[in-house]
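Comments concern the structure below.
Note that the coordinates shown come from a computational prediction; the quantities given were computed from them, not determined experimentally. Chain A is the first sequence line, chain B the second, and so forth, proteins listed ahead of strands; every chain is numbered from 1.
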Protein chains: 2
Amino acid sequence: MGATKTDHFSEEQNKLAVMMKALGHPARIAIMEHLISVDSCICGDLVNVLPLAQPTVSQHLKELKNAGLIKGNIEGTAICYCVDKDAIAELQRYLANTTLQLEHKEKSCC
Amino acid sequence: MGATKTDHFSEEQNKLAVMMKALGHPARIAIMEHLISVDSCICGDLVNVLPLAQPTVSQHLKELKNAGLIKGNIEGTAICYCVDKDAIAELQRYLANTTLQLEHKEKSCC
DNA sequence: ATACTATATTGCAATATTACGATATAATGC
DNA sequence: GCATTATATCGTAATATTGCAATATAGTAT
């Protein structure tokens, strides 16, 4: 008990859930927002921007990377992290489609 | 240690994270999809549709409700759950805006 | 009132997440 | 080489999530 029953759901449902889960923490929302706002994607300043210790930030970055939401490269001296546009676009499409489906619905009883 | 540092982030970041987190589980994605696909929003069939026991489904529904993603009413004999369109629309707007911002970015180094 | 049906709550075990100090790694500059 | 700087990993404590059996609650039907 306790482990998510991943294999009982569709590939797409799991992939979406992984991405959503990665965004399901305010620090990771903040990281994404910062990565987007800074035009250059070198981001050694993340630790200064966030109210979290360096190992914690590093861990959050890793999770975002595992979820496919950001990409990271070693760029000589600094590390370069940046948003994966395709992943965000995929999420966006899913929600746009969901919104569309909802608009076509007649009546909500709630 | 171990508790999320909610108070160090903005209200908006936290609210978004709560919604994303609620969608960060395949069962809850499946629940949302089912609620959307079924036009009537009475959903006593959720337990039959999902590969989870009744208490587990009930708990997931509670979490979606706490996150503001669904609404629930007692409707005479059955319980009526349905998607909160406004919440989905909010999420969708956020992601649409994010996508827009990304499109305006010059170059990614990754 | 009793039985039946549907949903919620409780309690608990297994697992996962969050956070960070300490430490490791890797590149740069001297 | 050694110090400095930046990021990652390890280890671990605190907390949260997941899942379900057992039980409670609330409505309908007889």
Side-chain angles (χ1 to χ4, degrees), chain A residues 1-9 13-14 17-31 34-35 40-67 70-82 110, chain B residues 1-9 13-14 17-31 34-35 40-67 70-82 110:
Chain A
M1 277 137 240
T4 296
K5 288 186 152 183
T6 299
D7 44 324
H8 290 70
F9 299 97
Q13 286 170 336
N14 277 306
V18 165
M19 289 197 283
M20 295 288 197
K21 190 175 185 177
L23 293 175
H25 191 290
R28 294 196 290 266
I29 293 277
I31 288 174
H34 189 75
L35 283 189
S40 148
C41 58
I42 287 119
C43 36
D45 52 349
L46 265 176
V47 176
N48 305 331
V49 171
L50 296 172
L52 295 168
Q54 180 268 322
T56 309
V57 173
S58 185
Q59 192 176 275
H60 281 308
L61 283 167
K62 193 178 174 187
E63 275 169 67
L64 285 169
K65 198 174 175 184
N66 284 344
I70 63 177
K71 292 182 284 189
N73 275 340
I74 296 173
E75 184 94 358
T77 166
I79 301 286
C80 160
Y81 273 119
C82 61
C110 307
Chain B
M1 276 135 240
T4 296
K5 288 186 154 185
T6 300
D7 44 324
H8 290 70
F9 299 97
Q13 286 170 335
N14 277 306
V18 165
M19 288 198 283
M20 294 289 197
K21 189 175 186 179
L23 293 175
H25 191 292
R28 293 195 291 267
I29 293 276
I31 289 173
H34 188 75
L35 284 189
S40 148
C41 58
I42 288 121
C43 37
D45 51 349
L46 265 176
V47 176
N48 305 331
V49 170
L50 297 171
L52 296 168
Q54 180 268 322
T56 308
V57 173
S58 185
Q59 191 177 276
H60 282 307
L61 284 167
K62 194 177 173 185
E63 275 170 65
L64 286 169
K65 198 173 175 184
N66 284 342
I70 63 176
K71 291 182 283 188
N73 275 340
I74 295 173
E75 183 95 356
T77 167
I79 301 286
C80 160
Y81 273 118
C82 61
C110 307

Determine the minimum heavy-atom distance between [X] and [Y], stating which atoms define it.
| X | Y | value |
| --- | --- | --- |
| A:Asn14 | B:Pro26 | OD1-CG, 3.2 Å |
| B:Ile70 | B:Leu61 | CD1-O, 3.5 Å |
| B:Ala67 | B:Met19 | O-CG, 3.7 Å |

Checklist line | Distance (rounded to the nearest 0.5 Å) between B:Lys21 NZ and A:Lys21 NZ | finding: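 Result: 9.5 Å between the selected atoms.
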
Notebook entry, point to check: How many angstroms lie between CG in A:Leu35 and NZ in A:Lys71, if you round to the nearest 0.5 Å?
Noted result: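 Rounded to the nearest 0.5 Å, the CG-NZ separation comes to 12.0 Å.
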
Item checked: Contacts of type side-chain contact (heavy atoms from CB on, under 4.5 Å), residue A:Ala27, not counting sequence neighbours ->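 With neighbours one apart ignored, the set is A:His25, A:Leu52, A:His60, B:Phe9.
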
Margin query: Taking side-chain contact (heavy atoms from CB on, under 4.5 Å) as the definition, give me every residue that meets it alongside A:Lys62, ordered by chain and number, with sequence neighbours left out.
Written below: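 For A:Lys62, the residues satisfying side-chain contact (heavy atoms from CB on, under 4.5 Å) (neighbours in sequence not counted) are A:Asn66.
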
Separation of [X] atom [atom1] from [N] atom [atom2], in whole Å?
| X | N | atom1 | atom2 | answer |
| --- | --- | --- | --- | --- |
| A:His25 | C:dA19 | NE2 | P | 4 Å |
| A:Leu64 | D:dA8 | CG | C1' | 16 Å |
| A:Met20 | C:dT17 | CE | P | 17 Å |
| A:Ile70 | D:dA8 | CD1 | C1' | 14 Å |
| A:Asp45 | D:dT5 | CG | P | 17 Å |
| B:Asn48 | C:dT5 | CG | P | 14 Å |
| B:Leu61 | C:dA8 | CG | C1' | 11 Å |
| B:His60 | C:dT9 | NE2 | C1' | 16 Å |

Next item on the list: Ignoring backbone atoms, establish whether A:Tyr81 has a side-chain N or O less than 4.0 Å from OP1 or OP2 of D:dA6.
Entry: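 No, no such contact exists.
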
Next item on the list: Report yes if at least one side-chain N or O of A:Thr56 is closer than 4.0 Å to OP1 or OP2 of C:dA19; otherwise report no.
Entry: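 False: A:Thr56 side-chain N/O out of range (4.0 Å or more) of C:dA19 OP1/OP2.
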
Check: Going by the salt bridge (Lys or Arg N to Asp or Glu O under 4.0 Å) test, which pairs reach into residues 48-60 of chain A, not counting sequence neighbours?
Finding: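 Checked against salt bridge (Lys or Arg N to Asp or Glu O under 4.0 Å) - neighbours excluded - no pair reaches residues 48-60 of chain A.
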
Checklist line | Bracket string, DNA chain C, 5' to 3' - pairs by Watson-Crick or G-U geometry under 3.5 Å, | interstrand | finding: ||||||||||||||||||||||||||||||

Check: Residues in side-chain hydrogen bond (donor to acceptor under 3.5 Å, both in side chains) with A:Glu63, at least two apart?
Finding: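 Listed in chain order: A:Arg28.
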
Below 3.5 Å is the cut-off: list the nitrogen or oxygen pairs between protein and nucleotides 10-12 of chain C, distance only.
none

Check: For A:Gln54 and A:Lys21, take the nucleotide of DNA chain C holding the closest heavy atom to each; which residue's nucleotide lies nearer the 5' end?
Finding: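 So the residue in question is A:Lys21.
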
